[in-house]
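Reading through the C-alpha cells given below for one structure.
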Amino acid sequence: MARRKRKTSFFMAGTYFDYPALFLVLFLVMFGLVMVYSSSSYMARIMTDDAAYYFKRQGIIALLGIFAVIVISFVRYQKIRKFNMLIVVAAGVLLLLVHFAGEESNGSTRWLSIGGFSFQPSEVAKLAIIIYMAHACTTQSRALHSIVETFILFIPPILLIVPIAIENLSSAIICGVIMVGIWFVATPKVKYLGIFAIIGVLGVIVFILKAGYRSNRIDAWLHPETSENGYQTMQALYAIGSGGLFGRGLGQSIQKTGYIPETHTDMIFSVICEELGIIGGIGLVVVFGILIWRLRMIAEGAPDRFGSLLVVGVIIHIGFQVVVNLCVVTNIMPNTGVTLPFVSYGGSSLLFLLIEIGLVMSVSRQIRPYREESLTAPREV
C-alpha cells in the first residue's frame, strides 16, 4: 500500500532561530538610521524645514521591513518555489512600467511612485533573480553542466537585467553577479565562468558607450582632481581624510553641510569616516564581515539545496554591494550610485534587503541544532 505524501502547512513554528544574524541586521539598520539623520539633517532643514525628514521616512520603511522579517521568517521558504516565475514576471512588469510612467532623477528614470513613496523596481528584480536561480539550480542541476542549457536557464534573469541596464547599469551588474554567483556555487565550472565574465564585460562596455555620462564617470575616476565630474569624489575623500583615526565626533561633519552631494545615500560612508574616524569605518566593515560569516553558516546548515542557494544569493547581494559602495567612496572604482546595504537612505533598497533577510531567517528555522542530530525523526525537505 503506497504511503500518502504528508502535506506541510504554509507557516511553521521552527525549532531554531539565528539570533546573532538577526541582531547584526538590526544593529546595521539602527546604525543606518542614526547616520541618515546625522548626514541629512543639514540639507533636510534647508530643503524641507524639517531636519528629521529623511530620518522619519527611512524609519517608517525600517519598521515595515522588520515586520516583514518577522512574518516571512515563519513562512516555509520551500512554498515560495512555486511562485518563482510569477515573481520574475511581476518584476518584469514593474520594470516596463518604469519606462512608461517612471520618475526621472539625476538624469535617470529608475523610480515608480505609489502613495507618495518612490521605489526602484530593480530591487524587486534582485529578489526575483535570487529566488529563480535558487529554484532553477535545484530542479535543473543536470542542465548546469552544459553551457548551452545554462544560457537557456539564464534567459529569464537576463530579460530583467537588460531593461535595468538601460537606466541603471550598476544595479544590472549586481543582478548579473547574483545570477552567475548562484550558478557558480551550484556547479563550479571555472571555464564557463570565464566565458560569462567576458560576455558580461563586453555588455558593460556597450552600455557605457551608449550613455555619455558613464564615460564621464570613468574620467572622474581616473582624474578626480581635474575632471568636471570629480567634485563628489574629491569631497568624499576630503571627508574621509579629515576624520583621522577617531573622527570629529557624531554629528560634527563639515563636508555634509552642502559640500558632498548625496551624503545620506551613496556617500554616507564618507560621513561615517569623518564623524567616527577610520576606526568607525573599519568597525562597520567588520560588522558586515561577521554578518556574511553568519549567513554562510546558515547556508551550510540549510536542510536542502534550495534553501542553501537562497541564502547564497543573499550573501552575494549584500557582500558585492558593500564592496562596490566602499570602492566607489574611496575612488577604487568609478561612481556607480550603489547604496551601502542597511545603512544608506533608500526605502526600496532597505525594504527588499529585509525581505531577503526574512527568507534567510526562514531557512534558519529549519536547521536542526547539533543537540538534536541524534533524534531519529526524518528531516523535512
Side-chain angles (χ1 to χ4, degrees), residues 83-112 118-137 140 143-144 146-184 186 192-218 313-314 316-317 320-321 324 328 333-339 346 348-349 352 356:
F83 304 110
N84 74 94
M85 283 306 301
L86 180 62
I87 298 172
V88 170
V89 171
V93 171
L94 291 173
L95 290 171
L96 288 177
L97 286 175
V98 168
H99 291 280
F100 294 102
E103 294 183 349
E104 184 176 339
S105 178
N106 297 326
S108 299
T109 305
R110 304 176 182 178
W111 290 265
L112 284 176
S118 297
F119 74 98
Q120 295 190 53
S122 58
E123 301 299 330
V124 184
K126 293 172 186 176
L127 176 63
I129 290 173
I130 290 173
I131 295 173
Y132 168 82
M133 287 301 301
H135 171 74
C137 290
Q140 304 180 45
L144 302 179
S146 166
I147 191 167
V148 175
E149 293 186 52
T150 298
F151 271 118
I152 295 173
L153 182 143
F154 282 172
I155 289 176
I158 290 174
L159 291 177
L160 298 179
I161 292 171
V162 171
I164 294 173
I166 296 173
E167 296 287 347
N168 191 351
L169 182 59
S170 56
S171 290
I173 292 173
I174 293 173
C175 289
V177 170
I178 292 172
M179 176 186 72
V180 176
I182 294 175
W183 164 83
F184 185 70
Y192 292 170
L193 183 64
I195 295 173
F196 296 144
I198 292 172
I199 294 173
V201 170
L202 292 176
V204 169
I205 292 173
V206 168
F207 280 104
I208 289 176
L209 296 176
K210 283 176 66 79
Y213 69 90
R214 290 170 180 159
S215 300
N216 294 336
R217 287 182 177 180
I218 293 178
V314 177
I316 295 170
H317 180 193
F320 185 69
Q321 194 159 318
V324 170
V328 166
M333 64 182 294
N335 197 326
T336 59
V338 171
T339 57
S348 53
S349 174
F352 282 95
E356 291 177 17

- Message: Any heavy-atom pair between the side chains of Leu153 and Met133 that's under 4.5 Å?
- Response: yes

- Do Tyr192 and Phe151 have their ring centres less than 6.0 Å from each other? no

- Hey, could you give me the CD/CG distance between Glu123 and Leu94, rounded to the nearest 0.5 Å? 12.5 Å

- Message: Counting the benzene-type ring for Trp, do Phe184 and Phe196 have ring centres under 6.0 Å apart?
- Response: no

- Output for pair (Ile173 CD1, Ile161 CD1), nearest 0.5 Å, gives 10.5 Å

- Task: Would you give the length of the straight line joining atom CD1 of Ile178 to atom OH of Tyr132, rounded to the nearest 0.5 angstrom?
- Result: 15.0 Å

- Message: If I compare all heavy atoms of Ile182 with all of Ile316, which pair ends up nearest, and what's the gap?
- Response: N-CD1, 3.7 Å

- Query: Nearest 0.5 Å, what's the CD-OG1 distance between Gln120 and Thr339?
  - Reply: 8.0 Å

- Task: May I ask you to decide if Val338's main-chain N or O and Ser170's side chain share a donor-acceptor pair within less than 3.5 Å?
- Result: no

- Value for OG1 (Thr336) from CG (Asn168), rounded to nearest 0.5 Å, stands at 8.5 Å

- Task: List the atom of Ala128, the atom of Ala91, and the distance in Å for their closest heavy-atom pair.
- Result: CB-CB, 4.1 Å

- If you measure from CD1 on Ile164 to CD1 on Ile129, what distance do you get to the nearest 0.5 Å? 6.0 Å

